[in-house]
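Here's the structure, in structure tokens; my notes come after.
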Amino acid sequence: MTEQQEQMLAQLNPSQREAVEYCDGPALVIAGAGSGKTRVLTYKIAYLLSLGYQPWSILALTFTNKAADEMKLRIARLLGDRDVASRLWMGTFHSVFLRILRYEHENTGFASNFTVYDAADSKSLVKAIIKKLQLDDKQYKPGVVQTHISNAKNQLVTAEEYVGNPENLMADQRSKMPAIGQIYKRYSDRLRQANAMDFDDLLLHTYLLFKEHPEVLQKYAEKFHYILVDEYQDTNFAQHQIVQQLGSVHQRVCVVGDDAQSIYAFRGANIDNILSFNRIYADSRLFKLEQNYRSTKNIVNAANSLIHKNQGQIPKNVFSEKEQGERIAVTEAYSDIEEAQIVTRKIIELNHHEDIPFSGFAILYRTHAQSRVFEEALRKQGLPYRIYGGLSFYQRKEVKDVIAYFRLTVNPDDEEAFKRILNYPARGIGQTTLQKIVDAATAFNVSLWSVVCQPLSYQLNVSKATLTKIENFRLMMDRFRQMALVNSADVVGQNIMKESGVVQDIYSDMTPEGKARQENLEELMNGLSEFVDSRREEGETNVGLTDYLSEISLLTDLDSKEGANEERVTLMTIHSAKGLEFDTVFVVGLEENLFPSQLANSSMREMEEERRLFYVAVTRAERHCFLTYAKSRLRYGKMEFGNPSRFITDIDPQFLNFHASVRSTKKSSRYDDVELPWAPRPRFNAQPRRSEPTTVQMPPRPAEPRFKPVRPSASAAAAASSQGRLQVGVRIEHQRFGFGEVLKVEGTGDNTKATVAFQNAGTKQLLLKFARFTIIG
DNA sequence: CCTCTTAAACTTTTT
DNA sequence: GTTTAAGAGG
């Protein structure tokens with residue numbers, strides 16, 4: 001063993017070390033909450049590299065981009081100057097498979113420029129099909145049908161197989177939706193027609209690709225000498241099978257997970273995947289990480305007593321060696337509004353007396369709808385906060401519209417994009433005409449775009465005037481495509497914005513809502529420019545719209561890097577909080593029918609998942625954990641009265657402290673404010689009232705020119721002058737990545753490249769020609 | 001074909 | 001209470 005390896009392994013506890021060192025075959029690592037799961041994964045990858053594994057032969061799969069980014073960052077830091085993190089195959093299941101599917105598209109029957117439909121696109125398509133089949137959308141609710149289709153795909157059942165199996169029809173008849181098979185079949189046909197895949201297809205088609213083309217599977221199974229999977233308890237059948245396919249040659253598969261934290265069964269995650277791992281990989285070894293490094297003894301013990309109420313789990317003994325800590329405080333509030341006030345007050349108090357920064361607080365709730373009251377309370381007190389989740393930036397109407405132009409430019413057959421923009425901005429092609437186009441397309445089994453190209457051959461029956469309008473639309477899109485052939489994504493994007501008339505439409509609206517939309521589009525265009533710049537700096541020459549769309553199609557709000565390091569209170573659902581930790585956690589809304597959700601009442605299985613969700617919530621806390629519930633709450637605009645959640649009594653009372661709120665005994669109105677007995681700490685700027693009903697706080701941008709002018713070669717002059725002084729060891733400040741140190745300089749002239757380790761952004765390769773930074777010594 | 005008004009549905013959780 | 005769908009009128 002080399003000294004470097006010894007040094008690295010010395011930083012692990014004995015069980016972590018065992019898990020890292022065992023590299024000869026399949027391994028299952030059961031990692032309790034806060035036990036250093038990510039640490040094991042990153043050290044294991046670093047260790048593999050030190051053994052001589054090539055970075056591109058290691059595949060590491062996660063569920064969120066955030067987890068993947070975090071791991072890359074930590075590996076880069078661990079390895080120091082070896083710039084290999086970027087060459088690892090690391091990412092979410094969906095993003096890695098998207099990459100493979102694009103590369104191997106010839107064997108999938110899709111063109112390489114296929115679109116990824118988001119959930120809204122899928123739903124809209126399902127809805128259109130239900131309508132087309134003249135089914136009652138009360139009986140066939142699009143969302144419910146979509147879930148059925150999604151479940152089938154996650155079980156790797158294709159539409160053909162679904163229709164071919166009479167059992168499915170019988171099951172669907174029992175649920176009063178016998179036509180689901182028919183809808184599923186038509187749905188897949190239309191996706192193929194549109195050259196598009198939905199989220200589930202990224203898994204299903206990867207599986208099919210490998211199954212139907214053994215030679216392709218062989219290539220990847222040989223390529224990946226080691227496969228690591230994070231959060232294995234959340235994998236569904238499809239993911240489980242693909243991992244098995246890819247591991248078939250080398251059998252070196254290491255999965256990490258915690259059955260107690262399985263919270264995605266509703267989405268098809270199968271806890272059996274982790275429970276049956278030992279059976280599938282005959283000679284697999286089991287490692288358990290049981291020491292929790294995150295939370296106080298009290299929190300860990302409370303969580304243990306809670307999860308003990310669940311049946312059937314892998315036995316483990318999670319323990320903490322940290323201080324005992326205080327008991328978990330349970331507080332009753334009179335109303336949801338008072339609940340928010342209590343939490344806000346407590347945050348101010350802890351911030352004041354214990355110097356806990358605002359970023360050390362998290363308010364965790366079961367549903368997004370609960371965020372609003374907390375948002376208002378925090379704003380009233382001038383506390384900085386950030387709400388995660390809900391409508392992401394890319395799902396806002398105006399943003400989706402522009403993205404639809406990009407999508408249709410890249411993929412003419414994209415139906416959902418087509419429908420979105422055919423008459424936006426208004427160009428006199430209405431619902432009736434669209435319906436005719438759709439009908440013609442379905443009749444001839446072609447895409448909507450094909451109909452527009454040859455309206456006569458597809459017997460499109462519209463007036464002469466309408467035909468001209470359609471023709472103009474077609475010509476415009478063709479211009480965009482010509483442009484996209486030779487220009488980079490930012491240039492094309494700017495042009496599309498202007499020529500499509502979107503800019504004119506949005507900027508003619510001077511209402512506050514209109515202003516907000518303008519800001520969002522500026523944000524979008526800035527993001528596009530940044531994307532192109534950053535790809536260029538990394539040496540990519542042709543950064544097209546396809547690249548950009550691939551990047552953003554799989555992004556969620558949680559992945560936005562902006563404001564991540566700011567001093568703000570975090571508000572999020574418990575689901576999004578998985579994997580995170582905070583000094584102080586408030587778990588709110590602990591009422592029957594809210595948490596646990598009333599929908600979980602029907603089965604034990606669902607109730608246990610809710611309990612695991614609560615377990616996840618409590619174990620996010622390092623030092624303080626507070627539980628609150630409200631006796632009354634406004635829901636659907638109506639006042640409801642609830643009872644405390646059963647989960648509170650699931651925790652052994654020796655770990656709890658019960659409080660009734662001071663005010664709930666007094667007569668109080670829902671609307672008056674709580675007077676604070678102390679002055680709050682320095683106030684931060686309150687967030688401006690959002691004019692859009694979204695739950696995302698986008699960081700305010702400094703006043704800038706409307707759209708950043710496109711820079712063909714950034715600040716080439718500045719770069720050239722600094723180039724001479726740029727050498728190993730020099731510290732720089734990059735416009736976007738922040739402070740970093742130069743590790744390597746190679747190449748000459750325009751091709752000079754520098755490898756820079758940034759404090760917060762990881763190690764990046766910068767092409768000096770494009771990079772914007774200043775040398776600081 | 002567009003836009004304004006009114007009615008109904010909505011809330012789990014997300015890649 | 002909020003957002004989307006449908007229907008009437010221009």
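Note that these values count all heavy atoms, side chains included, but never hydrogens, waters or copies made by symmetry. In what follows, chains are A, B, ... by sequence order, proteins preceding strands, each numbered from 1.
Rounded to whole Å, atom P of dC2(B) lies 13 Å from atom CG of Asp505(A). For Leu613(A) and dT14(B), the CG to P distance is 10 Å, given to the nearest whole Å. Here dT2(C) presents its C1' atom at 13 Å from CD of Glu376(A), a figure rounded to the nearest Å. Protein atom CG of Asp121(A) is 18 Å distant from nucleotide atom P of dT14(B), rounded to whole Å. The CZ atom of Arg620(A) sits 15 Å away from the C1' atom of dT13(B) (whole-angstrom rounding). Computed from coordinates, the Leu554(A) CG to dT15(B) P distance equals 10 Å when rounded to whole Å. When rounded to the nearest whole Å, the span between NZ of Lys578(A) and P of dT14(B) equals 12 Å. The CG atom of Asn423(A) sits 13 Å away from the C1' atom of dT3(B) (whole-angstrom rounding).
One finds a side-chain N or O of His368(A) lying less than 4.0 angstrom from the OP1 or OP2 phosphate oxygen of dT14(B). A sub-4.0 Å separation between OP1 or OP2 of dC1(B) and a side-chain N or O of Thr432(A) is present. At the phosphate of dT14(B), OP1 or OP2 sits under 4.0 Å from a side-chain N or O atom of Thr573(A). Of the side-chain N and O atoms in Ser576(A), none sit less than 4.0 angstrom from OP1 or OP2 of dT13(B).
Using modelled atom types and a 3.5 Å distance limit, the side chains of Gln139(A) and Asp136(A) yield no donor-acceptor pair. Side-chain contact of Glu606(A) with Ser602(A): a donor-acceptor pair under 3.5 Å is present, judged by distance alone. Defined by atom type and a distance below 3.5 Å, a donor-acceptor pair is missing between the side-chain atoms of Ser335(A) and Glu338(A). No side-chain donor-acceptor contact under 3.5 Å links Gln239(A) and Tyr232(A). With no hydrogens or angles considered, a side-chain donor-acceptor pair links Asp198(A) and Tyr187(A) at under 3.5 Å.
If you find the closest nucleotide of DNA chain B to Ile429(A) and to Glu610(A), the one lying nearer the 5' end belongs to Ile429(A).
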Protein and nucleotides 4-10 of chain C: nitrogen or oxygen contacts under 3.5 angstrom:
from   : atom 1 : to        : atom 2 : distance (Å)
dA5(C) : OP1    : Lys127(A) : NZ     : 2.9

Using a cut-off of under 3.5 Å, enumerate the N/O to N/O pairs linking the protein to nucleotides 6-11 of chain B.
none

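Using a 4.0 Å heavy-atom cutoff across all strands shown, Phe199(A) reaches at least one base atom of the nucleic acid. Residue contacts for Ser95(A): at a heavy-atom cut-off of 4.0 Å it reaches no nucleic acid atom on any strand shown. At the heavy-atom level, Asp200(A) lies nowhere under 4.0 Å from the strands shown. In this structure, Phe93(A) reaches neither bases nor backbone, as no heavy-atom distance under 4.0 Å exists between it and the strands shown.
A salt bridge does not link Glu591(A) with Lys631(A): every distance from a Lys NZ or Arg NE/NH1/NH2 to an Asp or Glu carboxylate oxygen is 4.0 Å or more.
Stacking of Arg612(A) on the aromatic ring of Phe614(A) is not recorded, the 6.0 Å distance cut-off and the 45° axial limit not both being met. Because its NZ or CZ atom is both nearer than 6.0 Å to the ring centre of Tyr264(A) and within 45° of the ring axis, Arg267(A) counts as a cation-pi partner of that residue.
The number of heavy-atom neighbours closer than 6.0 Å to NZ of Lys123(A), taken from other residues, nucleotides and ligands shown, is 12 or below.
Ring orientation note: the planes of Phe114(A) and Phe110(A) are nearly perpendicular, at an angle over 60° on the 30°/60° scale.
Closest to the Thr64(A) side chain, of the nucleotides dT12(B), dT15(B), dT2(C), is dT15(B). Checking dT15(B), dT12(B), dC2(B) against the side-chain heavy atoms of Glu606(A) singles out dT12(B) as nearest. Between dT15(B), dC1(B), dT13(B), one nucleotide has an atom nearer to the side chain of His94(A) than all others, and that is dT15(B).
Across the C1' atoms, dA6(C) and dT11(B) are found 22 Å apart, a figure rounded to whole Å. Comparing the P positions of dT4(C) and dT13(B) gives an interatomic distance of 15 Å, to the nearest angstrom.
Per the stacking criterion (ring centres < 5.5 Å, plane angle < 30°), Phe266(A) stacks onto the base of dT13(B).
The only member of Arg420(A), Arg190(A), Arg192(A) that meets salt bridge (Lys or Arg N to Asp or Glu O under 4.0 Å) when paired with Glu415(A) is Arg190(A).
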